[in-house]
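Just so we're clear, the structure is a prediction, and the values are computed from it rather than from any experiment. Values reported hereafter were calculated over all heavy atoms of this structure, with side chains retained and with hydrogens, waters and symmetry mates removed. A, B, ... follow the sequence lines: proteins, then strands. Residue 1 opens every chain.
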Number of protein chains: 2
Amino acid sequence: MRQISQYLSVDCVLFGYNGSELEVLIVDRTLNDEKSGELVINDCTLTGNHVYEDEPIEEAANRVLFDLTGLDNVFLEQFKTFAHPNRLKRPNDQLWLKSTGRNPEARIITVGFYSLVATDKVKLQWKGRNVRWVPVSEVGELAFDHNLILEEALRTLQTRIKYEPITFELLPDKFTLTQLQNVYEAIWGIELDKRNFRKKVARMKYLIQLDEKQTGVAHKPARLYVFSRDVYDKTKKELFDFTI
Amino acid sequence: MRQISQYLSVDCVLFGYNGSELEVLIVDRTLNDEKSGELVINDCTLTGNHVYEDEPIEEAANRVLFDLTGLDNVFLEQFKTFAHPNRLKRPNDQLWLKSTGRNPEARIITVGFYSLVATDKVKLQWKGRNVRWVPVSEVGELAFDHNLILEEALRTLQTRIKYEPITFELLPDKFTLTQLQNVYEAIWGIELDKRNFRKKVARMKYLIQLDEKQTGVAHKPARLYVFSRDVYDKTKKELFDFTI
DNA sequence: TCATAAAGTGTAAAAATAACACTAAGTATA
DNA sequence: TATACTTAGTGTTATTTTTACACTTTATGA
């Protein structure tokens, strides 16, 4: 077995929620011709970066996230690795690899992570590149194999929220039950019954009702809730059910 | 960004079922000193292999599986990637890397797959190395970070069988309900109520009762069942439930 | 004070879960 | 050939969960 030519990177699919739709963080990728200055590449990618030598991949993913959002200790989970030898063989991707000094023949292994962030906690910034939230339903063609990566991340998210209380990560610390319901609806792309939804979450002990209400809304203000990780950690063993 | 020194491999956690316990395929790793002939390494690993240049990782995983079992089209799923820079820094692992001509300083990225095979369909063989089924509960210390990989694979399996009908992969084509129940019990390490279990599986349309019975057993013979992938594929959209 | 807008609430029928013990049907053997 | 052995196979009841469905409450703003 000989050493093969390859690189290691992480891609972070950052999901956000704008109050009505599920969004994902997208970065512009532009390249100007060295001589003519002409714009030769102008498309979009997910957020990602290479992994430093001797850097664990989880650390690399956290670094990408921190550089983008200034946030630390954010929900971040590895979901799949993409390493097909042809994943970056489209002309623009080859051009891009060359322009950044990489061997375009090499395999680039990327480990996919997804992350959930409450957009109101975040001020975006990234090395002067244009970063922005885009509704998942409006994401067009992305560079590399990033459409595939986004699809897989979304599928993972849709499944994961059925069994794990991670939707809170997309909301402000204090939120209303309607907001919580909206998050599920946005991720699954379906509508849920309000009364049945509330009956269900009423069973979640880790959802704590506050003595506070919404303010500044032109209608009956809603009660606010918080997610208690403590209560969740204490009770999650009981929650394990043997559904087959 | 410069090219870093690293390798890409796959590790396949092959789960089997022996009729009462969940088993995993384990390989001996031995190394003799070149001069003295003395046995310097004698431990065990999961089954895995490097990924060829230009080979997709799924293909590499299938290749490992095929070389071991002669089986093709077996259930095989990627579950996690392990790439910590120190994952192979124990003395025996360093020795092993050197002896196989690899730079022991390099990072070895391994993509973990797990697979379910009905042990009665399999005749083991692997490049003259000693391969054998070991009950998961009896697996001792493994080389590399393979105990961690096994743990993660098992955790994934325990979760996955709650929501997806993959336990059939561990059984002969025709199986009894008791055998099916035993598989769940072996994977979860708990006992289930027979009557309640049967009520539950009775709702699975893709579980087809045959007009056949067990033979050669010294007691009332059980009805045989098969899993119908066709029926499953047709109904699985309906099965998507919005449990939160 | 009235219009507007979302919050918040209950019931009944159907389905799923959980706990629990005996009879049936083969083989083996005395 | 009768009996022992062993696992297969089955039903009920109480509780919980799910599903479908519509009106009242409470704040703001005009």
Side-chain angles (χ1 to χ4, degrees), chain A residues 17-21 161-163 165 171-172 174-186 188 190-205 207-226 235 237-244, chain B residues 17-20 161-163 165 171-172 174-186 188 190-226 235 237-244:
Chain A
Y17 176 67
N18 63 10
S20 67
E21 284 168 303
I161 63 167
K162 283 198 225 175
Y163 315 115
L171 291 168
K174 300 174 180 183
F175 52 86
T176 70
L177 293 186
T178 300
Q179 288 175 316
L180 185 61
Q181 180 176 342
N182 285 342
V183 170
Y184 283 95
E185 292 178 333
W188 285 331
I190 57 160
E191 293 201 345
L192 300 172
D193 180 87
K194 183 161 55 155
R195 278 177 291 191
N196 292 340
F197 180 82
R198 280 161 189 251
K199 244 178 286 179
K200 224 164 185 173
V201 300
R203 268 177 251 130
M204 303 174 174
K205 303 259 175 60
L207 199 57
I208 313 289
Q209 195 184 59
L210 301 178
D211 282 332
E212 262 178 273
K213 292 185 177 178
Q214 258 181 330
T215 54
V217 288
H219 54 77
K220 178 173 175 176
R223 301 287 303 253
L224 293 174
Y225 290 76
V226 290
T235 58
K237 268 155 217 142
E238 303 160 24
L239 294 176
F240 185 76
D241 66 356
F242 301 106
T243 305
I244 51 174
Chain B
Y17 177 68
N18 64 10
S20 68
I161 63 167
K162 284 198 225 177
Y163 315 116
L171 291 169
K174 300 174 180 181
F175 52 86
T176 70
L177 294 186
T178 300
Q179 288 176 316
L180 185 61
Q181 179 177 342
N182 285 342
V183 171
Y184 284 95
E185 292 178 332
W188 285 330
I190 56 160
E191 294 200 344
L192 299 171
D193 179 88
K194 181 161 58 155
R195 277 176 291 190
N196 292 341
F197 180 84
R198 281 160 188 251
K199 246 177 283 179
K200 223 164 186 174
V201 300
R203 269 176 249 131
M204 303 174 175
K205 305 258 172 63
Y206 47 81
L207 200 56
I208 314 290
Q209 195 184 60
L210 301 178
D211 282 333
E212 262 178 272
K213 291 184 176 175
Q214 260 181 328
T215 54
V217 288
H219 54 75
K220 178 172 175 177
R223 303 285 302 253
L224 293 175
Y225 290 76
V226 290
T235 57
K237 270 155 214 139
E238 303 160 25
L239 294 177
F240 185 78
D241 67 356
F242 301 107
T243 306
I244 51 175

(Q) With a cut-off of less than 4.0 Å, is there a side-chain N or O of A:T178 near OP1 or OP2 of C:dA6? (A) no
Q.
For a quick check of understanding: with a heavy-atom distance under 4.0 Å over all strands, which category does B:R223 fall into, base, sugar-phosphate or nothing?
A. sugar-phosphate
Q: Could you tell me the separation between the CD1 atom of A:I190 and the C1' atom of D:dA20, rounded to a whole number of Å?
A: 15 Å
Q. Looking at D:dC21, C:dG8, C:dT17, which one has an atom nearest to any side-chain atom of B:K200?
A. C:dT17
Q: Whole angstrom is fine here: how far is it from CZ in A:R198 over to P in C:dG10?
A: 12 Å
Heteroatom pairs (N/O) under 3.5 angstrom, protein to nucleotides 11-13 of chain C:
from	atom 1	to	atom 2	distance (Å)
C:dT11	O4	A:K199	NZ	2.6

Q: Can you sort out the partners of A:E212 under salt bridge (charged side-chain N to carboxylate O under 4.0 Å, His left out), two or more places apart, ordered by chain and number?
A: A:K174
(Q) Taking side-chain contact (heavy atoms from CB on, under 4.5 Å) as the definition, give me every residue that meets it alongside B:K194, ordered by chain and number, with sequence neighbours left out. (A) B:Q181, B:R198
Q) If you draw a 6.0 Å radius around CD in B:E191, do more than 12 non-hydrogen atoms from other residues or ligands fall strictly inside? A) no
Q: Give the dot-bracket string for DNA chain D, reading 5' to 3', where a pair is Watson-Crick or G-U wobble with both distances under 3.5 Å, ( ) marks pairs inside the strand, [ ] marks pairs crossing earlier ones, | marks a partner on another strand, and . marks unpaired.
A: ||||||||||||||||||||||||||||||
Q) Looking at residues at least two apart in the chain, or sitting in another chain, which of them share a side-chain contact (heavy atoms from CB on, under 4.5 Å) with B:V183? A) B:Y17, B:T167, B:L170, B:L171, B:I187
Q) Taking CD from B:E191 and C1' from C:dA18, how many angstroms apart are they, rounded to a whole number? A) 16 Å
Any protein N or O atoms within reach of nucleotides 26-30 of chain D? Criterion: under 3.5 Å, listing atom names and distances.
from	atom 1	to	atom 2	distance (Å)
D:dT26	O2	A:K220	N	3.1
D:dT28	O4'	A:V217	O	3.4

Q: Using whole Å, report how far CG of B:L192 lies from P of C:dC20.
A: 15 Å
Q.
Going by side-chain contact (heavy atoms from CB on, under 4.5 Å), name the residues that satisfy it together with B:K213, two or more places apart in sequence or in a different chain.
A. B:P221, B:R223
Q.
Within the structure provided, determine whether A:Y225 and A:Q179 are in side-chain contact (heavy-atom separation under 4.5 Å).
A. no
Q. Which residues pass the ring-ring contact (aromatic ring centres under 6.0 Å, His included) test with B:F175, sequence neighbours left out?
A. B:F168
Q | Euclidean distance, atom CG of residue B:L224 to atom C1' of D:dG9 [Å, nearest integer] | A | 14 Å
Q: Starting at atom NZ of B:K194, determine the distance to atom C1' of C:dA18, rounded to an integer number of angstrom.
A: 17 Å
**Q.** Any A:Y184 side-chain heavy atom under 4.5 Å of A:L192 side chain
**A.** yes
Q | A:D193 or B:D193, whichever maps to the more 5' nucleotide of DNA chain D | A | B:D193
**Q.** Nearest-0.5 Å distance, CZ of residue B:F197 to CG of residue B:L177
**A.** 7.0 Å
**Q.** Heavy-atom closest pair, residues B:A222 and B:T176
**A.** CB-CG2, 3.6 Å
**Q.** Spacing of A:F197 atom CZ relative to D:dT17 atom P, expressed in whole Å
**A.** 16 Å
**Q.** Interatomic distance, B:R195 CZ vs C:dC22 C1' [rounded to whole Å]
**A.** 8 Å
